[in-house]
Number of protein chains: 2
Amino acid sequence: MKLQQLRYLNEVARQDLNITSAADALYTSQPGVSKQIQLFEEEIGLQVFLRNGKRLTGITEPGEQILSLAAKVMHQIDNIKRVGDEFSNIETGTLTIATTHTQARYKLPAVVKAFMTAYPHVKLNIHQGNPSQVAEQVAKGDADVGIATEYISDFENLLCLPCYEWNRCVVVPHGHPLLLDGALTLEKLAAYPLITYDFGYTGGSLVSKTFSEAGVSPNVVLTAIDADVIKTYVTLGLGVGLLANMAYDPERDSNLAMVDVSHLFPNSTTYLGVRKDAFLRGYMYGFIELMAPKFNRKAVNEALKISGTSSL
Amino acid sequence: MKLQQLRYLNEVARQDLNITSAADALYTSQPGVSKQIQLFEEEIGLQVFLRNGKRLTGITEPGEQILSLAAKVMHQIDNIKRVGDEFSNIETGTLTIATTHTQARYKLPAVVKAFMTAYPHVKLNIHQGNPSQVAEQVAKGDADVGIATEYISDFENLLCLPCYEWNRCVVVPHGHPLLLDGALTLEKLAAYPLITYDFGYTGGSLVSKTFSEAGVSPNVVLTAIDADVIKTYVTLGLGVGLLANMAYDPERDSNLAMVDVSHLFPNSTTYLGVRKDAFLRGYMYGFIELMAPKFNRKAVNEALKISGTSSL
DNA sequence: CAACGTTACGCTCTTCGTAAAGATG
DNA sequence: CATCTTTACGAAGAGCGTAACGTTG
C-alpha cells in the first residue's frame with residue numbers, strides 16, 4: 001500500500017468519481033491514477049468503487065470506510081509536514097480562515113491587521129460561506145480555522161471556542177416613524193417590512209425563533225447574507241433593517257439611524273472552530289488568541305485535551 | 001514521503017533507537033532503513049533523531065510529534081487493511097486479548113470456548129500482564145481488546161466498557177480458627193498473616209485502600225499475581241488467602257475452605273477496553289458481546305460515537 | 001575491537017507518461 | 001461520436017541488498 005494510492009483514491013472521490021479530472025487535479029497522467037487504484041484494490045482484495053463496465057458509478061460499502069480512513073491518513077500526513085514547517089521555517093506558512101460575510105467584513109479586519117503585523121510572512125486566505133459551509137470546510141481540512149455563529153458545533157471532530165457575544169440593531173432612514181414611537185418591541189418591529197439576514201446565516205435562525213416564541217409574525221420582505229446589501233435596501237426605503245450591532249458604523253452609515261434592540265433578542269455567540277486532530281502552527285495559536293484573547297496557546301491545548309481523543 | 005519511511009521511523013523508535021535491530025524486525029537491510037530515515041529527515045527539513053556522531057542518542061522535540069503522528073498513520077493503515085479482510089474473508093483473522101492472570105484463568109475460559117465455537121477460523125492470542133500493561137498494549141494497538149480491573153481507563157484513547165462486578169473471598173485450610181469465630185471483619189482478617197494479589201494487580205489497590213480507610217493494617221506476608229500461587233501457599237499453612245470470588249472452585253479446591261467477604265470490600269468492576277479509533281472486525285464485536293452481553297454491536301458503536309472523535 | 005551507522009554501487013522492480021484500443025451513454 | 005477507462009510499452013527513477021568504510025564507546 002502506498003500513500004500515493006490513498007491520495008489518488010481521495011481525489012477521485014472528491015472529483016465525483018471522475019478519474020480524468022482527478023488526474024488533472026493531481027498533475028499526473030490519467031492512466032497512472034487508474035492503474036494505482038487497480039493495484040490498491042487488488043492488494044486490499046476488494047473493490048472500492050462500483051463500476052458499470054469501465055465507468056465508475058459509485059462507492060462500495062467497504063469503500064466508504066476505506067475512503068474515510070484514507071482521508072484521515074492524508075490529513076495526518078499534512079500534520080507531519082506541518083511539524084516540519086513549524087520547526088524549520090518559523091512563522092512562515094499559510095492560514096486559511098473560513099467565515100461568514102458578517103465576520104469577514106466587520107469583525108475580522110482588525111484581527112487580520114494585527115495578525116499580519118505580528119506574522120508578516122504568513123499568507124492569508126479567507127473563504128466565505130454560510131455557517132454550515134464554514135464548519136464543513138474546517139472539518140474537511142480545507143480551512144485551518146472557521147469563524148461563525150451557531151451551527152458550527154454540529155461536527156464531531158471540531159473543537160469550538162466561544163469568541164465573543166453580540167446582539168442586533170435596527171437601522172432605518174432618518175425620520176422613520178419607528179424612531180419616534182418610544183421603546184421598541186417585537187410587535188412594533190413586525191408592523192414594518194423587515195430586511196435581515198438569510199435564515200441559516202449569522203444568527204438568522206435565532207431571530208426567527210425569538211419572533212415565533214413571542215407569537216409574532218415578522219413581515220420579512222427581503223433577506224440577504226450581506227449587511228451592506230441590507231443597508232442599501234433600507235436606504236432605498238424598502239423596509240427596516242435588522243442586523244448585527246457591529247455592522248453599523250455611525251460614520252460610514254450616517255445616512256441611516258440606528259436603534260439598539262439587544263433587549264429584544266438573546267445574545268448570539270460567535271465561535272471559532274478548529275479540527276481536533278489538526279496540528280496547529282504557532283501562528284495559528286497566535287490568530288486564535290487575537291480573535292479570542294482568553295484562548296492562549298495553553299488554553300487551546302487544554303480545550304483540545306479535554307474534548308478529544310487527540311493525543312498529540 | 002513514503003509509508004515505508006513512517007514504518008521505519010516507528011520501528012526504530014520502538015527498538016530504542018537501534019537501527020540495526022529495527023532492520024532485523026522489519027526483515028530488511030540496515031542500510032536501507034538508515035537511508036530512508038535520512039531521506040525523510042531531508043524532505044521534512046529537520047532531524048527526527050538526535051545523533052552523537054553516528055549514534056542515535058535521542059529524539060528531537062519535533063521528532064516526538066512526528067513519531068506520534070506516524071504511529072497514528074500506521075494504525076490507520078492497519079485499519080484499512082482490516083476493512084479489506086473484514087469484507088473479503090468473513091470471520092477469519094486474529095483476535096489478540098490482553099488481560100490479567102485472574103481474568104485469563106477464571107473468567108475467560110468460558111468466553112473463549114464460546115468464541116472459538118462461534119468463530120472457528122479466528123486465531124486467538126492472549127497476552128498477560130498487569131492492568132497498566134494491558135491498557136498500554138491496547139493503546140499501542142498491540143492488542144485488540146484489553147480486559148482488566150481498574151487502571152484501564154487512564155488512557156485517553158481507550159473506550160472502556162464495564163463487563164461485570166465481582167468481589168472477594170477468603171480461603172483457609174479446613175479447621176482454621178477464622179472459620180469458628182463468627183462473622184468476619186477487617187480486624188479479624190488483619191490478625192492473621194495475609195496472602196493476596198500484588199497491589200497494582202487485579203483490584204489490589206482497592207483492598208489496601210479499604211484497609212487503610214478502616215484504620216486497619218493488614219499483615220500481608222506474601223503477594224502474587226496468581227491466584228493459584230496464593231492458594232498453594234495457603235495450603236502450606238503460610239497464611240490466609242484473600243482472592244477473587246471466581247478464583248475459588250469448590251471441587252478443585254476441596255482442600256481449602258472458603259468464606260465470602262463481599263460485605264467487607266466494595267465491588268470491583270472489570271472493564272473491557274478497545275482503542276477508540278480501531279476498526280473492529282465482526283468477530284471482535286462478537287467477542288465483546290460474549291464478554292459483556294449488553295454490549296452488542298450497536299451498543300458498542302453507540303459508545304464509540306459518544307466517547308470519541310472517531311468519525312468512522 | 002566490537003557494535004553500530006553511513007557511503008558506494010549494481011541490480012531489480014516500480015512508476016510514470018505517451019500512444020492506442022476498448023466501453024459507455 | 002464524445003467522453004472516459006483500460007491496456008501496452010519504453011524510459012526514468014526509486015528501493016534494496018552486498019560490501020566496504022568510518023565512528024563511537
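Just so we're clear, the structure is a prediction, and the values are computed from it rather than from any experiment. When reading the values below, keep in mind they use all heavy atoms of this one structure, side chains included, and skip hydrogens, waters and symmetry mates. Chain letters run A, B, ... following the sequence lines, proteins first, then strands; residues in each count from 1.
- Side-chain atoms of A:Arg55 come within donor-acceptor range of the base of D:dT3, with a qualifying N/O pair under 3.5 Å.
- For the OP1/OP2 pair of D:dG25 and a distance below 4.0 Å, the side-chain nitrogens and oxygens of B:Asn52 include at least one atom meeting the criterion.
- One can place NZ of B:Lys54 at 4 Å from C1' of C:dT6, the figure rounded to the nearest angstrom.
- For the residue pair A:Gln5 and A:Gln36, a side-chain donor N or O sits within less than 3.5 Å of a side-chain acceptor on the partner.
- One interatomic measurement links the two molecules: CG of A:Leu26 to C1' of C:dT15, which rounds to 15 Å at whole-angstrom precision.
- Each of A:Thr57 and B:Leu56 lies near DNA chain C, and the nucleotide nearest B:Leu56 is the one positioned closer to the 5' end.
- Applying a 4.0 Å cut-off to non-hydrogen atoms, the residues of residues 3-19 of chain A that approach DNA chain C are A:Gln4, A:Tyr8, listed by residue number.
- Across the protein-nucleic acid pair, B:Leu39 atom CG and D:dG13 atom P stand 15 Å apart, rounded to whole Å.
- The distance between atom CZ of A:Phe40 and atom C1' of C:dT14, rounded to the nearest whole Å, is 18 Å.
- Closest to the side chain of A:Thr20, from the set D:dG15, D:dT5, C:dT15, is D:dT5.
- Once rounded to the nearest 0.5 Å, the distance linking CD1 of B:Ile77 with CG of A:Leu3 reads 6.5 Å.
- With rounding to the nearest 0.5 angstrom, the OH atom of B:Tyr197 is 9.5 Å from the OG1 atom of B:Thr149.
- For the atom pair OG1 of A:Thr99 and CD of A:Gln137, the computed distance is 10.5 Å after rounding to the nearest 0.5 Å.
- For the atom pair B:Gln103 CD and B:Ile126 CD1, the distance stands at 11.0 Å (nearest 0.5 Å).
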Please list, pair by pair, any protein nitrogen or oxygen found under 3.5 Å from a nitrogen or oxygen in nucleotides 17-20 of chain C.
{"unit_1": "C:dG17", "atom_1": "OP2", "unit_2": "A:Thr28", "atom_2": "OG1", "d": "2.7"}
{"unit_1": "C:dG17", "atom_1": "OP2", "unit_2": "A:Ser29", "atom_2": "N", "d": "3.0"}
{"unit_1": "C:dG17", "atom_1": "OP2", "unit_2": "A:Ser29", "atom_2": "OG", "d": "3.0"}

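- Taking every heavy atom of both residues into account, A:Ser88 and B:Gly45 meet most closely at CB-O, 3.9 Å.
- An OP1 or OP2 oxygen of C:dT7 is reached within less than 4.0 angstrom by no side-chain nitrogen or oxygen of B:Ser34.
- Two end axes, each from the C1' atoms of five base pairs, can be drawn for the helix from C:dC1-D:dG25 to C:dG25-D:dC1; they diverge by 40°, to 10 degrees.
- Candidate nucleotides C:dG5, D:dT5, C:dC16 were compared by shortest atom distance to the side chain of A:Gln36, and C:dC16 ranks first.
- By the 6.0 Å contact criterion, CD on A:Glu61 is open, its count of non-hydrogen atoms from other residues, nucleotides or ligands being 12 or less.
- Sparse packing is recorded around CZ of B:Arg14, with 12 or fewer heavy atoms of other residues, nucleotides or ligands lying under 6.0 Å away.
- When rounded to the nearest whole Å, the span between CD1 of B:Ile37 and C1' of C:dG5 equals 11 Å.
- A centroid separation of less than 6.0 Å is found between the aromatic rings of B:Tyr119 and B:Phe115.
- Atom CZ of B:Arg51 and atom OG1 of B:Thr57 lie 9.0 Å apart (nearest 0.5 Å).
- For A:Gln38 and D:dT7, the shortest distance from a side-chain N or O to OP1 or OP2 is below 4.0 Å.
- Phosphate proximity of D:dT7 to A:Lys35: absent, as no side-chain N or O sits under 4.0 Å from OP1 or OP2.
- Between atom CG of residue A:Asp85 and atom OG1 of residue A:Thr94 there is a gap of 9.0 Å, rounded to the nearest 0.5 Å.
- The phosphate of D:dT23 has neither OP1 nor OP2 within less than 4.0 Å of any side-chain N or O from B:Arg51.
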Exercise. Walk me through it: do B:Val138 and B:Phe155 pass the test side chain to side chain contact (heavy atoms under 4.5 Å, CB included)?
Key: CA-CA 10 Å; B:Val138 179; B:Phe155 283 78; over 6 Å; no
